[in-house]
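A, B, ... follow the sequence lines: proteins, then strands. Residue 1 opens every chain.
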Protein chains: 4
Amino acid sequence: MTKKPTKAAMSSADRANAKHDAPPGNDAAPASSRAARAAERRAAIVEAAMEEFIARGFAATRLDDIAKRAGVAKGTIYLHFKDKESMFEELVRIVIVPVVAKLNALPPPTGTVRELIETFAGNFLKEVIGTRRGDLVRLIVAEGPRFPSVADFYYREVVSRGIAGMRGLIELGIARGEIREKNLARYPQILVAPAMIAVIWQSLFARHAPLDAQEMLRVHLDLIFGERRTT
Amino acid sequence: MTKKPTKAAMSSADRANAKHDAPPGNDAAPASSRAARAAERRAAIVEAAMEEFIARGFAATRLDDIAKRAGVAKGTIYLHFKDKESMFEELVRIVIVPVVAKLNALPPPTGTVRELIETFAGNFLKEVIGTRRGDLVRLIVAEGPRFPSVADFYYREVVSRGIAGMRGLIELGIARGEIREKNLARYPQILVAPAMIAVIWQSLFARHAPLDAQEMLRVHLDLIFGERRTT
Amino acid sequence: MTKKPTKAAMSSADRANAKHDAPPGNDAAPASSRAARAAERRAAIVEAAMEEFIARGFAATRLDDIAKRAGVAKGTIYLHFKDKESMFEELVRIVIVPVVAKLNALPPPTGTVRELIETFAGNFLKEVIGTRRGDLVRLIVAEGPRFPSVADFYYREVVSRGIAGMRGLIELGIARGEIREKNLARYPQILVAPAMIAVIWQSLFARHAPLDAQEMLRVHLDLIFGERRTT
Amino acid sequence: MTKKPTKAAMSSADRANAKHDAPPGNDAAPASSRAARAAERRAAIVEAAMEEFIARGFAATRLDDIAKRAGVAKGTIYLHFKDKESMFEELVRIVIVPVVAKLNALPPPTGTVRELIETFAGNFLKEVIGTRRGDLVRLIVAEGPRFPSVADFYYREVVSRGIAGMRGLIELGIARGEIREKNLARYPQILVAPAMIAVIWQSLFARHAPLDAQEMLRVHLDLIFGERRTT
DNA sequence: TATGAATGAGGTTTCATTCAT
DNA sequence: TATGAATGAAACCTCATTCAT
């Protein structure tokens, strides 16, 4: 009803240099300690919010629960985020950015394309499928239509890069003769599809029928590269 | 604001017995009109609820909006459904059951396995990808974890049958020499994965990068069956 | 799910003479049958409403439940009563009037005053305490403040008459030397108080500590008339 | 319309620690004012709820009205009580506990039994009959059957103790020769009955026929103890 | 900066009453 | 006359957001 701008929303970056210098007298290192504590709190909120949003979805998540889980008061959340909606949006960014960063820090592309992709799949298996990170993917699928900015961000930062990267690998594989199906480069989604399905399957159907994602991905690669010799 | 019948929503089954007594000439009394109107209303509610749940997800959907869209009063919804939650659960059943029924009315399996699967993919393309039915799939992915009964139902009625059916086709393809990769029968998910990805892609990223699902599926089948001759 | 009329609720008695008479022409006694049916229905509604109002109080009673219990449709209630409120008010009248009528049909006042009062107490014990009629008293105590017309009616028809009657008996007792405490005639409530308490006790505390109302009333009369010889 | 603090409702116990820190001199910060305000609010809610429940009964009372009367927002009620039902149950406890406490702080039993009982009756007259406390008794009679926990509590804390206390006094009276009717000790309800009737009479029939409760109780005691000399 | 009590709009659900059949 | 589907006002309760401390 009353609309008051609430400058509390500043990102931690903003926040960092927003420190006001201490009361006269004794203030040895508390400045950094202050900032550190704030960053910790923010991290706790982000972590807690992730858990809750994943468990319940955006609309059904209560800030009260996030606060409780993060060990802060409800009001504190508003010192870090403008409101629930932008918290969700920032959240996705905050969690995804380091993933993208890691992807960009490519390992030097040595070995065969199959080996490269197998390595990649291995990481994906370990760090995404069946983990909270995987659930985040499902969360984005779930909330994307209501949060275009989230879908935009996710497409721009993750999907389009992932597709481009895969396309590059596929073209390399084709050039080297490892991959026969030339049209695959036009639809790198095909390469990724089983991995995505595995992510979703773990969230929804794991208890009905557990899925050996690793083995499935291997079969999929055999399909693309032809039968392999060893593992 | 009030009254906006929207009888468009009725499933064809509902529709069948919702008709007055068809025989032309005799139309003295609107005999079954009471029951018919009730069925129409119920169908309108189902249709409206589908739209709203798909557009906003379970928690963010307001019964008020469903009622408005269905052209009924809020209270009317409660004549048909116990509460919001069971409305959602029944909804999924109501919409999915006829789909399953249609799948069970198999077309006589003639021709090559590839042809069979292409036909199937064609239907899927036309009737699921990019349609409200596709959005329902996304909705189930989104809400499944919070509605185990929905996930259970969907697994039992759709997923497990779909997987089984695909496995059968794959085995046939292997037996006939159409499919070389024998392990594929262990993971029919691989066969379906690109189709599922297409469904999700249309919901989330169509406006960022339109996807020619038909062509993608064709490439995927080439990968599995080897290069095709004709279309 | 779909609402199945359930007119099954009618008692078999109702049902028996529920026969509708034949096609036009023959209309022997249907007028009376009509009226009879209506009266029966009304009686069923009154009975059902009593039960429900006693069990739940005015506000918490649902017309739906009354209708169900009476074996009529909800709308039918409105053919007999203007609305819930006046139904309640009329109800009290309907149930109480015959009681008053019976009281007015006094048994010829023979014997000692104590015998008269003992007879009266005996009837009260049998017909009020621990019965639905007793619950009605509690209901009036409960709802009286919100239904002045009910309280008025009850005071006028029952309380004031009862008090007057008791006062007459007390004065007779005093005149005959059966009762020593002359001031008792000024407060006949004292004579009735334990009986009323018994009514309330049965409703509220019977399961905590059963009360032998008969014996209590006897002790009370001993107090007023002096020790008795026999029962 | 908004804001009508009504702090009058606090029980004396609440009030005690609702005060700021009394020790004069040190009053720099309104230290406990947070807690104090909370206690005040709670007391206001309790008071308002009492009024409304008494005026309308449980089912017909609107939380909105309680909030308005207490001068708080609707949501505030839920900071103090789980829901309407448990609010009602707690309410009875909150109001009755101090009464019981006061009863337990017995005045030294000096004088004759009749004097003792007259004193007690006098207090009852002043503090219960015709007061809101009396209305509470009627409310319990009204709602008891639907709130077994309330009836239980009331029986345990008030009725059973009251009965036991009265029985003790009666036995004392019999032992001292003040009371002749020995069976009275078996039904102390008889001793209390006119007082209870007075309570109910005031709620329901005061405007039809005012009742001089004091005089009635005196007559009742005369009946039990024999004619008195003085007042 | 951090808190959490307080707010009140808004959501779900109930139910007295109406009215077309 | 009787029905019961439909209505929609109104009740309870939740929870994002604010703000005094």
Side-chain angles (χ1 to χ4, degrees), chain A residues 1-4 6 8 15 18-20 34 37-38 41 59-67 72-80 82-85 87, chain B residues 2-3 29-31 33-35 37-38 41-42 59-65 67 72-85 87, chain C residues 3-7 18 20 34 37-38 41 59-67 72-80 82-85 87, chain D residues 2 29-31 33-35 37-38 41-42 59-65 67 72-85 87:
Chain A
M1 179 139 296
T2 26
K3 299 279 119 188
K4 244 192 63 191
T6 321
R15 185 135 242 151
K19 64 174 80 119
H20 37 191
R34 272 283 175 88
R37 282 255 307 280
R41 278 189 137 82
T61 290
R62 287 174 302 233
L63 291 195
D64 243 335
D65 290 344
I66 293 177
V72 301
K74 225 187 326 177
T76 304
I77 293 176
Y78 286 84
L79 300 176
H80 293 272
K82 179 169 155 288
D83 58 16
K84 192 184 177 190
E85 214 158 295
M87 173 164 59
Chain B
T2 32
K3 308 274 118 182
S33 100
R34 197 69 156 280
R37 284 257 305 280
R41 279 193 138 80
R42 186 183 165 87
T61 290
R62 288 172 303 229
L63 291 190
D64 241 344
D65 289 345
V72 302
K74 235 181 314 177
T76 304
I77 293 176
Y78 288 85
L79 300 176
H80 294 272
F81 300 96
K82 182 173 150 290
D83 58 14
K84 192 184 175 187
E85 211 158 299
M87 173 161 60
Chain C
K3 304 276 118 187
K4 243 190 66 193
T6 319
K7 68 175 171 186
H20 37 193
R34 272 282 174 91
R37 281 252 309 277
R41 279 191 135 80
T61 290
R62 285 173 303 231
L63 291 194
D64 242 333
D65 289 343
I66 294 177
V72 302
K74 224 185 327 178
T76 304
I77 294 176
Y78 286 85
L79 301 176
H80 294 270
K82 178 168 156 291
D83 58 16
K84 193 185 176 189
E85 213 158 295
M87 173 163 58
Chain D
T2 31
S33 101
R34 196 66 158 281
R37 283 257 305 280
R41 280 195 137 82
R42 187 184 164 88
T61 289
R62 287 171 304 230
L63 291 191
D64 241 345
D65 289 344
V72 302
K74 233 181 317 175
T76 304
I77 294 176
Y78 289 86
L79 298 177
H80 293 273
F81 301 96
K82 183 173 150 290
D83 56 16
K84 193 185 175 187
E85 212 158 297
M87 172 161 60

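Interatomic distance, CZ of D/Arg42 versus CG of D/Leu79, reported as 11.0 Å (0.5 Å rounding). Note that CD1 of D/Ile77 is 15.0 Å distant from NZ of D/Lys82, once rounded to the nearest 0.5 Å. Atom CZ of residue C/Arg62 and atom NZ of residue C/Lys74 lie 10.5 Å apart, to the nearest 0.5 angstrom.
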request  = If a protein heavy atom is under 4.0 Å from the base, mark B; if only from the sugar-phosphate, S; if neither, -; do that for nucleotides 10-15 of chain F going 5' to 3'.
outcome  = BSSBBS
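A straight line from CD1 of C/Ile77 to P of E/dT18 spans 13 Å, rounded to a whole angstrom. E/dT14 atom C1' lies 12 Å from atom CG of C/Asp65, rounded to whole Å. As rounded to whole Å, 9 Å separates atom C1' of F/dT3 from atom CG of C/Leu79.
The closest side-chain heavy-atom distance from A/Ile66 to A/Met87 is below 4.5 Å.
Scanning all heavy atoms of the two residues, the minimum distance from B/Tyr78 to B/Leu63 falls at OH-CD1, 2.9 Å. Scanning both residues, C/Ala38 and C/His80, for their nearest heavy atoms gives O-CE1, 3.5 Å. Residues A/Ala59 and B/Ala59 approach most closely at CB-CB, 3.5 Å, considering heavy atoms. Here the shortest heavy-atom pairing between C/Lys84 and C/Thr61 reads NZ-O, 2.8 Å.
For C/Val72, taking side-chain heavy atoms from C-beta onward, the closest of the listed nucleotides F/dT3, F/dT7, E/dT3 is F/dT3.
Considering only side-chain N and O atoms, B/Arg37 lies nowhere under 4.0 angstrom from the phosphate OP1 or OP2 of E/dC19. Between D/His80 and E/dA5, a side-chain N or O to OP1/OP2 separation shorter than 4.0 Å is absent. Between D/Arg41 and E/dA6, a side-chain N or O to OP1/OP2 separation shorter than 4.0 Å is present.
Map D/Ala73 and A/Ala73 each onto its nearest nucleotide of DNA chain E; the residue landing nearer the 5' end is A/Ala73.
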request  = Can you run through DNA chain E from 5' to 3' and write each base as (, ), [, ], | or . depending on how it pairs? Watson-Crick or G-U wobble, both distances under 3.5 Å.
outcome  = .||||||||||||||||||||
